[in-house]
Amino acid sequence: MSSANPASLRTTTESRPVRYALTALALAFVVLFLVIPLVSVFWEAFSKGWGLYREALVEPEALSAIRLTLLTALIAVPFNVVFGVAAAWAIARFEFRGKSLLTTLIDLPFSVSPVVAGMMYVLLFGINTPVGAWLDANGFKVIFAVPGIVLATVFVTFPFVARELIPLMQAQGADEEQAALVLGASGWQTFRRVTLPNIKWGLLYGVILTNARAMGEFGAVSVVSGHIRGETNTIPLHVEILYNEYNFVGAFASASILALLALVTLAAKTFVEWRMTRQHAAARTRTAEARAAA
Amino acid sequence: MNLISKRHSVLPGFGLAFGVSLFWLGLIVLLPFAALVYTAGGMSWADFVGTVTAERVVASIRLSFGAAAAASVINAVFGFLLAWVLVRYPFPGRRFVDALVDLPFALPTAVAGIALTTLYAPNGWIGRFLEPLGLKVAFTPLGIVVALVFIGLPFVVRTVQPVLEDMEQELEEAATCLGAGRWQIFRRVLFPAVLPALITGATMAFARATGEFGSVIFIAGNIPLVSEIAPLIIISKLDQYDQAGATAVAVVMLAISFLFLFAINALQWWAARRHGAGR
């Protein structure tokens with residue numbers, strides 16, 4: 001990456017035509033596969049004018065889909081934070097038997113097709129299963145209802161925060177926390193004043209990823225939702241229904257909200273990555289200075 | 001906590017953290033898996049074999065894994081190229097392109113699905129240029145590959161990129177001093193060092209692609225035996241209340257995925273060992 005040095009650039013890089021050709025090829029791929037699809041979402045959404053776009057978003061079914069999507073994310077994200085912090089605290093700060101098994105199991109939802117994930121909840125809570133029948137008899141519906149949607153979303157986002165925090169906390173080590181405890185801080189104080197400031201950017205990163213996936217999940221939610229209009233449709237499911245009815249403006253209008261969310265996610269992610277590199281570099285300098293002083 | 005020996009740590013909170021983790025893991029992940037195993041176990045062997053060897057099921061599984069493999073090969077080539085260009089060739093707008101690479105992670109799959117379908121349909125922005133060439137993409141297996149390339153791209157770029165960034169320039173300088181040409185250096189020095197990461201990235205893209213549903217379902221056309229993917233078979237069996245049948249297909253999909261992951265882990269171990277000096 002030391003391309004600032006002109007001498008080394010000359011000896012270890014390709015000739016100018018090769019560089020230009022490879023860059024052009026890579027950029028053409030990016031335009032074809034990333035830029036054009038993204039632009040086309042907004043283009044199609046506004047193709048029949050601003051009026052129809054607005055209309056598509058304020059109709060009751062669209063509003064209900066937006067509300068359900070927000071509700072789902074509002075439950076899935078805090079859940080993920082609590083679980084992720086707890087799992088990272090146990091795994092990165094303690095030695096215990098079965099630790100690598102626990103780490104593997106946390107990653108498990110990533111290697112399961114979202115459709116299979118949704119299906120497993122149907123097998124567990126469906127009306128013709130023992131658990132589902134019992135819950136139904138007590139007036140509680142999971143499948144084809146909001147609880148199922150939330151559960152499926154929590155499942156597919158399960159590893160995000162933990163996966164971000166475990167390596168981060170392992171790399172940071174427990175020195176600062178131990179020092180705080182020795183100096184008389186309580187466990188909660190140590191966590192709040194020492195651990196949390198150290199992991200805040202990693203935690204935020206995990207939250208951003210969780211939120212994006214929670215609001216956009218399709219496969220798993222599709223299986224458990226039952227597609228009841230105005231009741232169990234999230235924005236992605238609403239998009240599907242409108243698209244299948246050839247209501248393309250409506251479908252792309254709702255899709256454009258999700259595309260906008262994706263752009264905000266990318267911007268936030270880039271910002272947090274930048275902050276994390278800075279924090280990391282600062283921590284390294286501190287350690288180096290401490291070593292030099294000692 | 002007698003069963004689990006937490007060895008000499010002065011930090012508090014192990015019981016609470018471990019308990020919370022295990023409780024939620026059990027409820028959200030393990031319990032549904034148990035339901036899957038229970039349902040699969042309730043099937044007779046003959047029923048199971050009959051379900052998963054049905055023509056439509058076999059065709060869909062072959063399609064899901066075949067299209068995923070094709071897409072991950074394309075992604076290995078272009079993902080590597082993109083990572084290479086992003087790390088080594090400065091160009092205006094590089095930061096922007098770098099951020100954009102994660103778009104497939106951030107964009108909901110259903111949105112990608114309808115956008116790609118509209119683009120590649122015979123009258124779409126891209127499809128209209130392919131149609132005269134006799135190339136049909138939307139509503140064919142080729143369309144499935146296009147969607148899976150979109151989904152898998154960031155996996156390859158994001159695993160290869162850090163390895164290229166950490167590459168020591170001295171290595172290349174030494175090779176140059178010893179008289180190696182650029183192509184030779186790439187083939188003998190750079191590529192072997194990146195290969196394990198490239199395999200990892202392509203594997204992750206493959207694993208994600210085999211189960212992908214949202215982006216594929218719109219562009220596939222879902223013609224039985226031709227462009228019907230395995231997750232769709234599962235959904236249609238569930239719609240017909242054939243939960244055992246759906247479970248059987250899911251079990252086969254999971255088994256093949258794990259087999260592939262295992263094989264590719266072995267391959268990667270071999271690549272890392274063979275080019276051990278490169279790391």
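Computed from a predicted structure; not experimentally measured. We name chains A, B, ... by the order of the sequence lines, and we start the count at 1 in each one.
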*Asks:* Given that the side chain runs from C-beta out, which part of B:Thr39 has a heavy atom under 4.5 Å from chain A: side chain, backbone, both or neither?
*Replies:*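 Only the side chain of B:Thr39 comes within 4.5 Å of chain A.
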
*Asks:* Between A:Thr23 and chain B, with a heavy-atom cut-off of 4.5 Å, which part of the residue counts as in contact: side chain, backbone, both or neither?
*Replies:*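 Both parts, backbone and side chain.
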
*Asks:* From A:Glu14 CD over to B:Trp183 CH2, what is the distance, rounded to the nearest 0.5 angstrom?
*Replies:*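 Taking CD in A:Glu14 and CH2 in B:Trp183, the distance rounds to 10.5 Å.
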
*Asks:* Contact part of B:Phe218 toward chain A, heavy-atom cut-off under 4.5 Å: side chain, backbone, both or neither?
*Replies:*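 It is the side chain, since no backbone atom gets that close.
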
*Asks:* Using a cut-off of under 4.5 Å on heavy-atom pairs, state which of B:Ile114, B:Thr210, B:Val29 scores highest against chain A.
*Replies:*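 Counting heavy-atom pairs under 4.5 Å, the top option is B:Ile114.
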
*Asks:* Give the intermediate values and the outcome of side chain to side chain contact (heavy atoms under 4.5 Å, CB included) for residues B:Phe14 and A:Arg93.
*Replies:* CA-CA 8 Å; B:Phe14 176 77; A:Arg93 290 289 176 266; over 6 Å; no

*Asks:* At a 4.5 Å cut-off on heavy atoms, which part of B:Val146 comes close to chain A: side chain, backbone, both, or neither?
*Replies:*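 When you check distances to chain A, atoms from both the backbone and side chain of B:Val146 fall under 4.5 Å.
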
*Asks:* Test ring-ring contact (aromatic ring centres under 6.0 Å, His included) on A:Phe29 and B:Phe78; report intermediate values, then the result.
*Replies:* CA-CA 8 Å; A:Phe29 186 79; B:Phe78 282 95; 4.4 Å; yes

*Asks:* Please flag which part of A:Asn211 lies under 4.5 Å from any non-hydrogen atom of chain B: side chain, backbone, both or neither.
*Replies:*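 Neither part.
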
*Asks:* Which atoms of A:Thr270 are under 4.5 Å from chain B, going by heavy atoms: the side chain, the backbone, both sets, or neither?
*Replies:*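 A:Thr270 touches chain B through side-chain heavy atoms alone.
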
*Asks:* Let me know which of A:Phe83, A:Trp89, A:Phe94, A:Phe96 forms a ring pair (Phe, Tyr, Trp, His ring centres under 6.0 Å) with B:Phe18.
*Replies:*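 Only one option passes, and that is A:Phe96.
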
*Asks:* Using heavy atoms and a sub-4.5 Å threshold, report which of residues 97-106 of chain B line up against chain A, by residue number.
*Replies:*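 Within residues 97-106 of chain B, near chain A: B:Val97, B:Ala99, B:Leu100, B:Val101, B:Asp102, B:Leu103, B:Pro104, B:Ala106.
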
*Asks:* What part of B:Phe23 gets closer than 4.5 Å to chain A, counting heavy atoms only: side chain, backbone, both or neither?
*Replies:*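 Contact with chain A is absent: no heavy atom of B:Phe23 under 4.5 Å.
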
*Asks:* Answer with side chain, backbone, both or neither: which region of B:Leu30 has an atom nearer than 4.5 Å to a non-hydrogen atom of chain A?
*Replies:*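 Contact with chain A: side chain only.
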
*Asks:* Is the OH atom of B:Tyr38 crowded by more than 12 outside heavy atoms at less than 6.0 Å?
*Replies:*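 No, because the 6.0 Å sphere around OH of B:Tyr38 holds 12 heavy atoms or fewer from other groups.
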
*Asks:* Chain B: which of A:Val41, A:Leu181, A:Thr129 shares the most heavy-atom pairs with it under 4.5 Å?
*Replies:*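 Counting heavy-atom pairs under 4.5 Å, the top option is A:Leu181.
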
*Asks:* Are more than 12 heavy atoms from other residues, nucleotides or ligands located less than 6.0 Å from atom CZ of B:Phe258?
*Replies:*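 It does: B:Phe258 CZ has more than 12 such atoms within range.
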
*Asks:* Take the angle between the ring planes of A:Phe79 and B:Trp24 and call it parallel below 30°, perpendicular above 60°, tilted in between.
*Replies:*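 Plane angle over 60°, so perpendicular.
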
*Asks:* Side-chain polar contacts of residues 105-123 of chain A - donor-acceptor pairs under 3.5 angstrom, sequence neighbours left out - could you list them?
*Replies:*
residue	atom	partner	partner atom	Å
A:Asp107	OD1	A:Arg163	NE	2.9
A:Asp107	OD2	A:Arg163	NH2	3.3
A:Ser111	OG	A:Leu108	O	2.9
A:Ser113	OG	A:Val115	N	3.4
A:Ser113	OG	B:Gly211	O	2.8
A:Tyr121	OH	B:Ile28	O	2.7

*Asks:* By a 4.5 Å heavy-atom criterion (distance strictly below it), what part of A:Phe158 contacts chain B: side chain, backbone, both, or neither?
*Replies:*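 The side chain, not the backbone.
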
*Asks:* How many angstroms lie between CG in B:Leu11 and OG1 in A:Thr190, if you round to the nearest 0.5 Å?
*Replies:*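 So the gap between those two atoms works out to 8.0 Å.
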
*Asks:* Where does A:Lys99 contact chain B at under 4.5 Å (heavy atoms): side chain, backbone, both or neither?
*Replies:*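 Contact with chain B involves no heavy atom of A:Lys99 at all.
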
*Asks:* Quick one: of A:Ser186, A:Ser256, A:Ala262, who has the most non-hydrogen atom pairs under 4.5 Å with chain B?
*Replies:*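 The candidate making the most pairs under 4.5 Å is A:Ala262.
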
*Asks:* Picking from B:Leu116, B:Val249, B:Leu153, which has the most non-hydrogen pairs under 4.5 angstrom with chain A?
*Replies:*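 Greatest number of close heavy-atom pairs with chain A: B:Leu153.
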
*Asks:* Which atom pair, heavy atoms only, marks the closest approach of A:Ala259 to B:Leu107?
*Replies:*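 Distance-wise, the nearest heavy atoms are CA-CD1, 3.6 Å.
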
*Asks:* What orientation do B:Phe213 and A:Phe218 show, parallel under 30°, tilted 30 to 60°, or perpendicular over 60°?
*Replies:*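 Ring orientation of B:Phe213 relative to A:Phe218: parallel.
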
*Asks:* Heavy-atom cut-off 4.5 Å, strictly under: side chain, backbone, both or neither for B:Tyr120 against chain A?
*Replies:*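 For B:Tyr120, side-chain heavy atoms alone lie under 4.5 Å from chain A.
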
*Asks:* Dump the intermediate steps for side chain to side chain contact (heavy atoms under 4.5 Å, CB included) on A:Leu102 and B:Leu22, then the final yes or no.
*Replies:* CA-CA 8 Å; A:Leu102 183 64; B:Leu22 211 58; 4.0 Å; yes

*Asks:* What part of B:Leu82 is in contact with chain A, defined as an atom under 4.5 angstrom from a non-hydrogen atom: side chain, backbone, both or neither?
*Replies:*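 Both parts, heavy atoms under 4.5 Å.
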
*Asks:* So what's closer than 4.5 Å to chain B heavy atoms on A:Leu258: side chain, backbone, both or neither?
*Replies:*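 It is both, since atoms from each part get that close.
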
*Asks:* Measure distances from B:Trp125 to the heavy atoms of chain A and classify the residue's part below 4.5 Å as side chain, backbone, both or neither.
*Replies:*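 Answer is side chain: those atoms of B:Trp125 sit under 4.5 Å from chain A.
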
*Asks:* Using a cut-off of under 4.5 Å for heavy-atom pairs, which of B:Val20, B:Leu25, B:Thr109 has the most such pairs with chain A?
*Replies:*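 Result: the option with the highest number of such pairs is B:Leu25.
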
*Asks:* Under a 4.5 Å heavy-atom cut-off, does chain B meet the side chain of A:Ile36, its backbone, both or neither?
*Replies:*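 Both backbone and side chain.
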
*Asks:* Which region of A:Glu44, side chain (C-beta onward) or backbone (N, CA, C, O), has a non-hydrogen atom less than 4.5 Å from a non-hydrogen atom of chain B, or is it both or neither?
*Replies:*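 Only the side chain of A:Glu44 comes within 4.5 Å of chain B.
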
*Asks:* Please classify the contact between B:Thr247 and chain A as side chain, backbone, both or neither, with a heavy-atom cut-off of under 4.5 Å.
*Replies:*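 Contact with chain A: backbone and side chain both.
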
*Asks:* Heavy-atom distance under 4.5 Å between the side chains of B:Val111 and A:Phe252, does that happen here?
*Replies:*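 No - every pair of side-chain heavy atoms lies 4.5 Å or more apart.
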
*Asks:* Please evaluate residues B:Thr118 and A:Phe248 with respect to the criterion side chain to side chain contact (heavy atoms under 4.5 Å, CB included), reporting the C-alpha separation (whole Å), side-chain torsions for both, the decisive distance (0.1 Å), and the verdict.
*Replies:* CA-CA 9 Å; B:Thr118 309; A:Phe248 294 133; 5.7 Å; no

*Asks:* Relative to chain A, which of B:Leu16, B:Leu27, B:Leu31 shows the most heavy atom pairs under 4.5 Å?
*Replies:*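 Option with the greatest count: B:Leu31.
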
*Asks:* By a 4.5 Å heavy-atom criterion (distance strictly below it), what part of A:Ile91 contacts chain B: side chain, backbone, both, or neither?
*Replies:*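 It is neither, since no heavy atom gets under 4.5 Å.
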
*Asks:* Sort out for me which of A:Leu151, A:Leu261, A:Leu38 touches chain B most, counting heavy-atom pairs under 4.5 Å.
*Replies:*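 Option with the top pair count is A:Leu38.
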
*Asks:* Ignoring hydrogens, what is the shortest heavy-atom contact between B:Leu119 and A:Ser40? Give both atom names and the distance.
*Replies:*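 For B:Leu119 versus A:Ser40, the nearest heavy atoms are CD2-CB, 3.8 Å.
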
*Asks:* For A:Glu176, does the CD atom have more than 12 heavy-atom neighbours from other residues, nucleotides or ligands under 6.0 Å away?
*Replies:*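 Open.
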
*Asks:* Given a strict heavy-atom distance threshold of 4.5 Å, which part of A:Phe155 is in contact with chain B: side chain, backbone, both, or neither?
*Replies:*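 Both backbone and side chain.
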
*Asks:* Apply the test side chain to side chain contact (heavy atoms under 4.5 Å, CB included) to residues A:Leu32 and B:Ile126: give CA-CA distance (whole Å), side-chain angles for both, the deciding distance (0.1 Å), then the verdict.
*Replies:* CA-CA 9 Å; A:Leu32 185 67; B:Ile126 300 174; 3.7 Å; yes

*Asks:* Quick one: closest heavy-atom pair of B:Ala17 and A:Ala86, and the distance?
*Replies:*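 Heavy-atom minimum between the residues: CB-O, 3.3 Å.
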
*Asks:* Please flag which part of B:Leu254 lies under 4.5 Å from any non-hydrogen atom of chain A: side chain, backbone, both or neither.
*Replies:*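 It is the side chain, since no backbone atom gets that close.
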
*Asks:* Heavy-atom cut-off 4.5 Å, strictly under: side chain, backbone, both or neither for B:Met204 against chain A?
*Replies:*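 Contact with chain A is absent: no heavy atom of B:Met204 under 4.5 Å.
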
